[in-house]
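Worth saying up front: this structure is predicted, and the values here are computed from it rather than measured.
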Amino acid sequence: LDDDFGKDEL
Amino acid sequence: MNIFRLTGDLSHLAAIIILLLKIWKSRSCAGISGKSQVLFALVFTTRYLDLLTSFISLYNTTMKVIYIGCSYATVYLIYMKLKATYDGNHDTFRVEFLIVPVGGLAFLVNHDFSPLEILWTFSIYLESVAILPQLFMISKTGEAETITTHYLFFLGLYRALYLINWIWRFYFEGFFDMIAIVAGVVQTILYCDFFYLYVTKVLKGKKLSLPA
């Protein structure tokens, strides 16, 4: 699971 | 963060809470499509896996946990605790006709062919059509409880506000995500018919009944 994936929008 | 995205998130949260409270307090899920609620739980599960990999902000994490928790609680109430009140005869939309094409499209059209990105894309496409079983059920029963129409109004309003948020972000930040925007436009268009009925009927104190 790559850690730069995070989406800031819900 | 901008005011449109914040009010959009709060509208989404309001919808989720309204539905959960309606089912919990009335001890009944009559008129509610369990299939749509399962699809929403699937949307949140596939979209918020980044809870396990990255921390954006307390707000981001808190809202994601609340959305996932409430959607699973709603599905639990419908299919377990209050199963006797579930109106399965009218909740007959073939969700496989949604999941298969959406799953296929997520593999074909995405920003990056990685598991998390494909799951996120799947959740974006699925969310745009997840309300169809609920709208279909209302068309079959021919009516909807007023509290259910408020739920649908806030649910539809949330993505409409996100559309404005994306215009705002494009103009001020040069940010835009075509996949989310196209799916968001489709999603909001699906509510137009309902919005018309909501404004012309429910806001005038009448019951929402079809045909209009």
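The part of B/Asp9 that comes within reach of chain A is its side chain, from C-beta onward, which places non-hydrogen atoms under 4.5 angstrom from that chain. Residue B/Phe55: no heavy atom, backbone or side chain, is found under 4.5 Å from chain A. Interface remark: B/Phe44 contributes no atoms to any contact with chain A (heavy atom separation under 4.5 Å).
The neighbour count for B/Phe176 CZ, taken as heavy atoms of other residues, nucleotides or ligands under 6.0 Å away, does not exceed 12. With a 6.0 Å radius and a threshold of 12 heavy atoms from other residues, nucleotides or ligands, B/Phe175 has its CZ atom above the threshold. In B/Tyr171, the OH atom is not crowded: 12 or fewer heavy atoms of neighbouring residues, nucleotides or ligands sit closer than 6.0 Å.
Annotation for A/Leu10 and B/Tyr162: closest pair N-OH, 3.4 Å, computed over non-hydrogen atoms.
Within the 4.5 Å cutoff, side-chain heavy atoms of A/Asp8 are placed close to those of B/Arg5.
At a threshold of 4.0 Å, the pair B/Arg47-A/Glu9 does not count as salt-bridged, since none of the basic side-chain nitrogens sits closer than that to a carboxylate oxygen.
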